[in-house]
Amino acid sequence: MWKIIGILQVAVLFSVRDMCTRKARTCLTVLAIVVSVSTLVALRTVGIGMHSEVEKQLKGLISADLIIVSEEINIPESVVDIVKQIPGVKNAAPVIFITGKVGVSRCYLAGVRREDLVSFFNVTVIRGRLPYENETDFLLVDESVFSENKVILGKYLPVKALYISSKVEYLKVVGISSSFLGIKGASLFSGAAMSLEKLQDMIGRKGYVSHILIKINEGVSIDFVKHEIKKIFPKASIVQQKDILETIMKVLKVIEGVLMAITLIGLLVAALGVMNTMTMTAREHVREIGIMKAIGADSTHILVIFLTEAFLMSIIGGVLGVVVGYVEAHFVKFLLLKMGLMMEIPIFFVSEVALLGILIAVFISLLSAFYPSWSAAKIRPLEALRYE
Amino acid sequence: MNKPVVKLINVTKVYDVSKEVSVRALDNINLEVYEGEILCIMGPSGSGKSTLLNIMGTLDRPTSGKVIIDDIDVTDLSEKELTHLRCLKLGFVFQMYNLISTLTALENVMLPMFFSGRYTLKECKERALILLKLVGLEKWAYHRPSQLSGGQQQRVAIARALANEPSVILMDEPTGAVDIVSAASILRLVRCLNEYLGVTFVIVTHNPELTQIAHRTVFIRDGKLFYSMEEALKLKITAEYDYNILLAQLKLLELTAKGLKRMAESGTLSAEEYLKAKNEILKKLKRIKVKLHDERPRNRAMTTNPNSPS
């Protein structure tokens, strides 16, 4: 036991001395590890934060269990009444979703019946009010549309449906909703809601909608209702809220995957850096390896000494990398905000990510240090002693 | 006559320079190094003396012939076994000191003890300090090699070679890179270690001055051992050394015994090996006690530094 401790003591002593003697080289290697680990930690942390935030906000998205979807605005509004008759269906709402232009903002434009605003869209008015009954020229906007247009409540904004009709309607901004038609503040999902009737008028599709949102009674199987709808409308394309969430999550996964790929390149660079350093270290120490072998060090001793040096550098680099990574995560968040992402990504310390960062640092360092160390350990003492 | 520590039997070493040309560095060498002697191997450059030393030190293998160290035939041992053997039975002193530059003098001396796996960190340090005191460098223990003179570095190297109480210390031009005064002091140290601690030395050199301290000198030329002469000690040690050196040796042996005992208890050392090592230590102890008895009355008044030039 003390034999192993003895070897480790020599290894640590030798490594620490060597690292202190060759400060510049040590610093650069540690830096390479820090950069890659911090990139990993930062991207991973932002990714996790984004994931959790998106998940949280998606839960507050349209609270429909099933949605009948059409690519075009060709579902007759009367379908709603038929759907409502299906056992298990609690409520159904006809909606039109199109891309539109509200003032200067390009955004989602939803045509909604007044009574469906709260029950299906989770509209929470933070300023202004909900539309009155029989009010048809109302416009509810979210915060980003509101701030982009710099309007005040009660003023009229020009609204246009893109790609479908060139008709422009002036609608009265009655309220601002915090969570509305999607994710809070994310400009990608920013939008506005107007009267369904008015929108149908505007695009000339009276009596037709693009989506029907369906809520079902608690305890009723979603698949059962879906099946029932299919019986009546065999061609209808029906999606579940779960599917949409899954799709969005899949997209997020892809983004995270891309981030990981970038990280991997960083790790590869760090690995090459460590390999380079260890090869240089081994070469610089050939003579000393010879001396040590002559006075009784075997290959294991030499291997342990060099791996210890790599290990120490990777631990220092790993820990520093985690710390720097969190700072970087805040920077990435700041950068994303600057670039227009209105989402408040929470940055929190995830111990798994920290551990992963350090472990990866140790792993790649040991892996890349192994070959140079091994070949150093294999040198015959006499050759090493003759080495100048 | 003492028993031979190193025995070379018909050792030949041929280097193949190319397919057609080969150099016969050593040609059928037969040589024995006896316990407690200083053997000097003299020869001009390229005569094969370094090759001979490397083969004795198991750093190189002979093309044919046998090398026996402490009754162990090392000719066919594996690299790992050779390393272990070098660690415990052989000490090396090189012309260019070959200390590890990043480690202090103390740590350099501790290194072979670390590798032996016999001692704890504390014991290594304790022994290393005794050894440094023995070579007169206790004040320099915490200095790096670069802060020491050539002579001092060589003495650290000698202390390092002594670390595991080897059967023989092999020196390759030990005074080749130091000034005359330091060289003289190193020679005196070698002589003193031999006289008082019974350390066996093999010194390879082309400097005839070194033969002054040798019991025996062999000459080598073109890979052949062609002349050998018994030599009376020419260099008289005028300054007698105080018996502190023997007390230091006592302390070292005590620590060795402790390490060996621990190894035997943990099973790293077989009972047989332990017994053999123990007998060895007892033998050394006995000799030291005799010496202590002899030296004590004479040296009571004198406390001369063993390394100061006389």
Side-chain angles (χ1 to χ4, degrees), chain A residues 1-26 280-282 284-306 308-309 312 374-388, chain B residues 50-51 53-55 57-61 78-104 107-124 144 146 157 160-161 163-164 166 170 172 259 262-263 266 268:
Chain A
M1 189 59 201
W2 79 90
K3 205 166 174 173
I4 299 166
I5 296 171
I7 297 174
L8 285 178
Q9 276 167 338
V10 182
V12 170
L13 178 72
F14 193 86
S15 309
V16 169
R17 285 294 163 75
D18 191 50
M19 280 156 65
C20 292
T21 316
R22 293 163 174 87
K23 287 190 192 74
R25 190 209 57 196
T26 309
M280 292 303 292
T281 307
E284 276 173 19
H285 288 302
V286 168
R287 222 184 136 75
E288 286 172 353
I289 292 166
I291 300 166
M292 287 198 272
K293 285 197 140 187
I295 64 172
D298 60 27
S299 304
T300 324
H301 287 121
I302 309 289
L303 191 68
V304 169
I305 285 174
F306 280 95
T308 303
E309 187 160 346
L312 287 180
W374 179 249
S375 32
K378 283 281 135 200
I379 304 173
R380 289 196 28 103
L382 199 59
E383 284 165 37
L385 280 171
R386 283 192 185 131
Y387 187 89
E388 290 301 330
Chain B
S50 288
T51 308
L53 196 77
N54 288 335
I55 285 176
T58 72
L59 293 173
D60 209 349
R61 288 173 195 270
S78 74
E79 204 58 44
K80 202 176 169 71
E81 288 166 321
L82 285 182
T83 306
H84 192 63
L85 181 111
R86 273 201 297 273
C87 185
L88 296 177
K89 304 243 179 229
L90 301 169
F92 288 91
V93 175
F94 305 93
Q95 181 176 2
M96 293 313 295
Y97 335 122
N98 279 353
L99 299 176
I100 310 284
S101 59
T102 49
L103 303 182
T104 62
E107 287 156 355
N108 265 292
V109 180
M110 284 162 76
L111 219 46
M113 296 184 261
F114 260 136
F115 292 140
S116 77
R118 265 191 197 172
Y119 309 103
T120 61
L121 181 69
K122 207 175 142 225
E123 286 167 355
C124 285
R144 300 267 180 100
S146 58
R160 183 179 65 182
N164 285 327
L170 306 171
D172 192 357
R262 191 176 38 236
M263 279 178 90
S266 72
T268 336

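Quick note on labels: first sequence line is chain A, next is B, and so on, each numbered from 1.
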Distance-only, no hydrogens or angles: does the Asn164(B) side chain make a donor-acceptor pair with backbone N or O of Pro112(B) under 3.5 Å? yes
Mind checking what makes salt bridge (charged side-chain N to carboxylate O under 4.0 Å, His left out) contact with Lys378(A), not counting sequence neighbours? none
Contact summary for Gly57(B) and Phe92(B), nearest pair of heavy atoms: O-CZ, 3.3 Å
Of Val10(A), Ile7(A), Ile295(A), the one forming a side-chain contact (heavy atoms from CB on, under 4.5 Å) with Phe114(B) is Val10(A)
Nearest atoms (heavy-atom pairs only) where Tyr97(B) meets Arg160(B): O-NH2, 3.5 Å
Give a yes or no answer on whether the side chain of Arg380(A) reaches the backbone of Leu59(B) with a donor-acceptor pair at less than 3.5 Å. yes
If I measure from the heavy atoms of chain A, does Met96(B) come under 4.5 Å with its side chain, its backbone, both, or neither? side chain
So which part of Ser299(A) gets closer than 4.5 Å to some heavy atom of chain B, the side chain, the backbone, both or neither? neither
What part of Thr58(B) gets closer than 4.5 Å to chain A, counting heavy atoms only: side chain, backbone, both or neither? neither
Under 4.5 Å heavy-atom distance to chain A, tell me which part of Thr104(B) shows up: side chain, backbone, both or neither. both
Need one label for Asn54(B): side chain, backbone, both or neither, based on atoms under 4.5 Å from any heavy atom in chain A. side chain
Say whether, by atom type as modelled, one donor and one acceptor occur between the side chain of Arg118(B) and the main chain of Met113(B) under 3.5 angstrom. no
If contact means a heavy atom pair closer than 4.5 Å, which residues of residues 83-90 of chain B contact chain A? Thr83(B), Arg86(B), Cys87(B)
Salt-bridge present (Arg22(A), Glu309(A); N to O < 4.0 Å): no
